[in-house]
Number of protein chains: 4
Amino acid sequence: MKQTTYDQLLEAAMNVIRREGFDKASVSRFVKEAGVAQGTFYNYFASKNELVPAIAARILDEQLARMQARGDAETLETLVETMIDVTFTITEEFRDYISFCYSGISMYYSFERWDEIYRPYYDWLESQFSKLQRAGRITTELELKAAVNNTVGLIEHAAEAHYLSRAVTEDRTTAEAELKRMLVRALTI
Amino acid sequence: MKQTTYDQLLEAAMNVIRREGFDKASVSRFVKEAGVAQGTFYNYFASKNELVPAIAARILDEQLARMQARGDAETLETLVETMIDVTFTITEEFRDYISFCYSGISMYYSFERWDEIYRPYYDWLESQFSKLQRAGRITTELELKAAVNNTVGLIEHAAEAHYLSRAVTEDRTTAEAELKRMLVRALTI
Amino acid sequence: MKQTTYDQLLEAAMNVIRREGFDKASVSRFVKEAGVAQGTFYNYFASKNELVPAIAARILDEQLARMQARGDAETLETLVETMIDVTFTITEEFRDYISFCYSGISMYYSFERWDEIYRPYYDWLESQFSKLQRAGRITTELELKAAVNNTVGLIEHAAEAHYLSRAVTEDRTTAEAELKRMLVRALTI
Amino acid sequence: MKQTTYDQLLEAAMNVIRREGFDKASVSRFVKEAGVAQGTFYNYFASKNELVPAIAARILDEQLARMQARGDAETLETLVETMIDVTFTITEEFRDYISFCYSGISMYYSFERWDEIYRPYYDWLESQFSKLQRAGRITTELELKAAVNNTVGLIEHAAEAHYLSRAVTEDRTTAEAELKRMLVRALTI
DNA sequence: AATGAATGAGAGTTCATTCAT
DNA sequence: CATGAATGAACTCTCATTCAT
């Protein structure tokens, strides 16, 4: 099955960014990599900036899909473990794009755009938390939405600290274990 | 007392960013705002990029100074409260520069540069945690460095979610309370 | 009665120019406005430039038709009055296209193209002058073709000064009266 | 004496327009001709469009200077003769720029910009007319400002018809004579 | 230490036009 | 006749940086 021009362009853009870094990321590089004309880019993206949320969405979609693929968790421990594991793996895989997306979105878009992209993930987690709460496996001391927010934020921060910062020296297993312990302590009844 | 040209330039840069946004941030704007010649900039900064860590450091120094000004905390609750309060206030005050710094550093520098800037903050918090641990006020279940890292990350994430994202609708007091409760649950004995 | 694609395109182009100005005048705008495909334009116009004389001709045809609709003038005064009145009205109505036509024709075509478009108008006026001359109502001191040329030019210049320039403050009635007086003085026996 | 960069650029732009026509007129051609860098252009002109009124002003300044160089006219005939002669000569000399200026100004500027450029010329002519009127050599039937406006317009139109249109076949002497006769008839007592 | 004119590569974007369907 | 994706040259303009004064 033939790849669409849109996919060609998105993939090319991601390759360029991975290989040459954010600085060299330019429309002219993208189209050269994709093997299409300069003008073709603008048939698919209104501007260069529109590439940024497109990449971000692709990563988050992938992340959520992997979490959902594991099925609904029976316990808080399992849920937290899944989230941590998938987030760390995704962060490792897509480390080269994550800075790019942060920079790009904060530069060119309001944070509402972030929320829009994160929305499915937040909604899914909220429903998971809600279910566990009804099963008596999560504290009712915490407000649900805030807990969701803080959980996602904490896991992401840890994964980024691990994979984007070279200064963190502990191994992944330790980092994940510490993080899990902290989260379970925070959320358990 | 006369302001040094260096300070003039740094302040001018911050004014431009605050007033005109990240996109308009350029050396030519900075020097116009500072009222000096184009070439003068390069007597003080090796390149435009050097401005980014300079601004980041200025913000983090200010943040740490305010935390330290409150004196050593006797309890975990007090420490967490102080950190949350100061971080939220700083994030509010300097919200316009935070994206700029993230973007700039991730674009032009390795994350080691981040660590270097954060180092005094981490060190201070580690000593605070250590002291509280010895006083039996923090769990010994968690590895100290990881706990420090995760704590800073969680607070920062929450503050940024609150001030940089317009989608979060809860008020500051609620956000802070939820965050504190979660952190204390995670860290307390 | 269904409008032909040609007319749709011409009308669309005129709408775009009127609404969005000369700068936005491009084939892609025209076809979007007309609701046809990009390629369709080239079934009706050899190139974008061909639109310019098409619009110019449409305006001049309309102008001449209105003058002729008033019937043959018996006196110089009546003729001059008719010409002035119609020219001022047309200039007002089509002011948005006049710059476009001037620019476009001078850019892409020789002035012979102008003459070609103006030819029917000149010919008609020459016959009118000739008739009045024979009736002893126009001086024979002036060479006919030159007088025709100068008359058309003077009236057009005045109308454009009135409607395209905001600096002219006199009202239309005054401007027309002064112009008529001047022309009659120049042409009368 | 060394030519300033500004003059180099203006002259280069005029050469390019004369040699290659309006279509090829682009900033990159101008700077190549002037032998300076692309960016240098923007040290002297805020945008490409700013070149247009600059050229227009240069031409009109030259025209007025030549008219004034002939000294104050004693009779209407002399004044009209001078104006016609100078305008025809200037139009011939600068014929290649005149379309460019018309197009450019009408495209990018309000007509107020035209008035601004023409102002010194109008003012001078008004004072000349006024003087001749007091000397009993010009009719008082016509309103002064309108007469000035119409006179300038008529002469310009005739000169442009002569030099920009290839269809006009009469020689310059005849064209000038006809024009003069018409104007004197219109303005004389 | 300060100046600011000059640099020139390269950015994002637009556009008229083509052509296979 | 109509389509619209693809083209790619050309455009204006910005920018960080240099260097003679």
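We use all heavy atoms of the structure for the numbers below, so side chains are in, but hydrogens, waters and symmetry mates are not. Proteins come first, then strands; the chains are lettered A, B, ... in the order of their sequence lines, and each starts at number 1.
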Pairing residues for B/Glu156 by the side-chain hydrogen bond (donor to acceptor under 3.5 Å, both in side chains) criterion, not counting sequence neighbours: B/Tyr118
DNA chain E-proximal residues of residues 32-48 of chain B, any heavy atom under 4.0 Å: B/Val36, B/Ala37, B/Gln38, B/Gly39, B/Thr40, B/Asn43, B/Tyr44
By side chain to side chain contact (heavy atoms under 4.5 Å, CB included) - contacts of C/Ala13 (at least two apart): C/Phe30, C/Leu51
Results of side-chain hydrogen bond (donor to acceptor under 3.5 Å, both in side chains) for B/Glu11 - residues two or more places apart only: B/Gln3
Which residues share a side-chain hydrogen bond (donor to acceptor under 3.5 Å, both in side chains) with D/Gln38, sequence neighbours left out: none
Results of salt bridge (charged side-chain N to carboxylate O under 4.0 Å, His left out) for C/Asp61 - residues two or more places apart only: none
Minimum heavy-atom distance between D/Ala57 and D/Ile117, given as atom pair plus value: CA-CG2, 3.9 Å
Ranges pairing with ranges for DNA chain F, where each run has three or more Watson-Crick or G-U pairs under 3.5 Å: E:2-21 with F:2-21
Range on DNA chain F touched by chain D, heavy atoms, distance below 4.0 Å: F/dC11 to F/dT14
Any pair counted as salt bridge (Lys or Arg N to Asp or Glu O under 4.0 Å), so long as it reaches residues 33-42 of chain A, sequence neighbours left out: A/Arg19-A/Glu33
Residue whose nearest DNA chain E nucleotide is more 5′ - C/Ala25 or A/Asn49: A/Asn49
Residues which pass side chain to side chain contact (heavy atoms under 4.5 Å, CB included) with B/Asp96, listed by chain and number, not counting sequence neighbours: B/Arg18
Any pair counted as side chain to side chain donor-acceptor pair (under 3.5 Å), so long as it reaches residues 40-54 of chain A, sequence neighbours left out: A/Glu50-A/Tyr109
All side-chain hydrogen bond (donor to acceptor under 3.5 Å, both in side chains) counterparts of C/Tyr97, not counting sequence neighbours: none
